[in-house]
2 protein chains.
Amino acid sequence: MKDKSEVLQGTLDMLILKVVALGPIHGYGIAQRMRQISKEVLQVQQGSLYPALHRLEKRGWLESSWQESESGRPAKFYKLSAEGRKQLAQEQLSWERVAGAIALILRTAE
Amino acid sequence: MKDKSEVLQGTLDMLILKVVALGPIHGYGIAQRMRQISKEVLQVQQGSLYPALHRLEKRGWLESSWQESESGRPAKFYKLSAEGRKQLAQEQLSWERVAGAIALILRTAE
DNA sequence: AATGTGTACCTAGAATGTCGACATATGACG
DNA sequence: CGTCATATGTCGACATTCTAGGTACACATT
């Protein structure tokens, strides 16, 4: 009966990569931006966000550096690596393939 | 580097409910039908399929009965219950909401 | 007669990912 | 001084899917 768990398993990495691709941004900002662009639908929890960021950095798709946030406090800014850009492109293709297939099923008439 | 894992986490239940909604069908047939409709994209593994069917039956969304399959051998046929129909409608709505939100993010220009 | 292939069911264990809850710290504002 | 928004992080629980195994029967091929 959960109403708020809105991030589809397996899509979070792609979404993060995509948001970071829009320009360097810190973790907290990623969550805000995702929420804003998606009109409040996609709400990443912190317990999902930070592990995901570490995962992506470990795999070499993101690079980070400490800088000052807009509010003047320290924050870890992420940017996309070259490999991250490739990965994003691939995940996007895969998403479209699968989402298209699901649409086919859902649209099948009785 | 997995190439074949094609079922998006969280969508399997919905897909199964939808395929069963097309008419009574046995488990093995569900996998075939899904694969066929999706043009070979969605390939459910048996290790995912059967636990899912038991899960769905336990929750009261599917009902089963042993009957003869087309090949003459016994097979467990599933049909959608009234609650299953409701559940399917709800999951479909939720899917469209989330898939739409993801599309918004992916389409955001730099 | 033996072997393989397709149908049809099933389970156990591992891997993964997400969430809820918690913990920490700072700056701004009343 | 307390509270809120910002900002990072961890930990354990939970659900889901996959890999890999198993059983059994029918039919076709060798």
Side-chain angles (χ1 to χ4, degrees), chain A residues 1-17 24-36 41-59 62 64-78 91 94-95 98 102, chain B residues 1-17 24-36 42-59 61-62 64-78 91 94-95 98 102:
Chain A
M1 219 51 54
K2 25 179 66 176
D3 238 330
K4 301 280 183 164
S5 82
E6 302 289 6
V7 177
L8 254 187
Q9 196 115 358
T11 63
L12 182 56
D13 290 4
M14 174 180 70
L15 292 171
I16 290 176
L17 291 177
I25 187 169
H26 54 77
Y28 194 83
I30 293 173
Q32 286 179 121
R33 200 113 163 67
M34 246 174 68
R35 203 176 130 173
Q36 172 221 333
V41 174
L42 300 175
Q43 314 204 17
V44 203
Q45 304 308 310
Q46 302 188 332
S48 314
L49 176 65
Y50 292 109
L53 286 171
H54 302 156
R55 188 164 68 225
L56 294 174
E57 187 170 15
K58 210 164 173 185
R59 291 184 186 157
L62 293 183
S64 70
S65 60
W66 286 93
Q67 289 174 34
E68 264 199 15
S69 78
E70 316 76 34
S71 70
R73 265 167 300 123
K76 211 193 251 180
F77 277 74
Y78 290 92
E91 290 199 20
S94 170
W95 162 261
V98 175
I102 290 177
Chain B
M1 222 49 56
K2 26 177 67 178
D3 239 331
K4 300 279 184 163
S5 82
E6 301 290 7
V7 177
L8 254 188
Q9 196 115 357
T11 62
L12 182 56
D13 289 5
M14 174 181 70
L15 292 171
I16 290 177
L17 290 176
I25 187 169
H26 53 78
Y28 194 84
I30 293 172
Q32 286 180 121
R33 200 112 163 67
M34 248 174 68
R35 202 175 133 174
Q36 171 221 333
L42 300 175
Q43 313 204 16
V44 204
Q45 304 308 310
Q46 300 191 332
S48 314
L49 175 66
Y50 291 109
L53 286 172
H54 301 156
R55 189 163 69 225
L56 295 173
E57 188 172 14
K58 211 165 171 182
R59 291 182 187 159
W61 299 333
L62 292 184
S64 70
S65 61
W66 286 93
Q67 288 173 35
E68 264 198 16
S69 79
E70 316 76 34
S71 71
R73 265 169 303 123
K76 212 192 250 179
F77 277 73
Y78 289 92
E91 289 198 22
S94 170
W95 162 260
V98 174
I102 290 176

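In what follows, every heavy atom counts, from backbone to side chain, and hydrogens, waters and symmetry copies are set aside. Throughout, a chain's letter reflects where its sequence line sits, starting with A, and its residues are numbered from 1.
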Results of side chain to side chain donor-acceptor pair (under 3.5 Å) for A:Gln32 - residues two or more places apart only: none

Sorted by chain and number, sequence neighbours left out, salt bridge (charged side-chain N to carboxylate O under 4.0 Å, His left out) with B:Arg73 holds for none

The criterion is ring pair (Phe, Tyr, Trp, His ring centres under 6.0 Å); which residues satisfy it with B:Phe77, sequence neighbours excluded? B:His26

Would one find a side-chain N or O of A:His54 under 4.0 angstrom from OP1 or OP2 of D:dT8? no

How many Å lie between OH on A:Tyr78 and P on D:dT8, as a whole number? 7 Å

Taken in chain and number order and not counting sequence neighbours, the residues that satisfy side chain to side chain donor-acceptor pair (under 3.5 Å) with A:Gln46 are none

B:Arg59 side chain N/O closer than 4.0 Å to the phosphate oxygens (OP1, OP2) of D:dA15? no

Qualifying residues under side chain to side chain donor-acceptor pair (under 3.5 Å), relative to A:Arg59, sequence neighbours excluded: none

Give me, pair by pair, the N or O atoms of the protein and of nucleotides 3-7 of chain C that are less than 3.5 Å apart, along with how far apart they are.
unit_1, atom_1, unit_2, atom_2, d
C:dT7, OP2, B:Tyr28, OH, 3.2
C:dT7, O2, B:Arg73, NH1, 2.7

Heavy atoms under 4.0 Å, any strand shown: does A:Gly47 hit a base, just sugar-phosphate, or nothing? base

Contact class for A:Gly10 (heavy atom, under 4.0 Å): base, sugar-phosphate, or nothing? sugar-phosphate

For D:dT8, take OP1 and OP2 only and decide whether either is under 4.0 Å from a side-chain N or O of A:Tyr50. yes

B:Arg55 side chain near D:dT17 phosphate (N/O to OP1/OP2, under 4.0 Å): yes

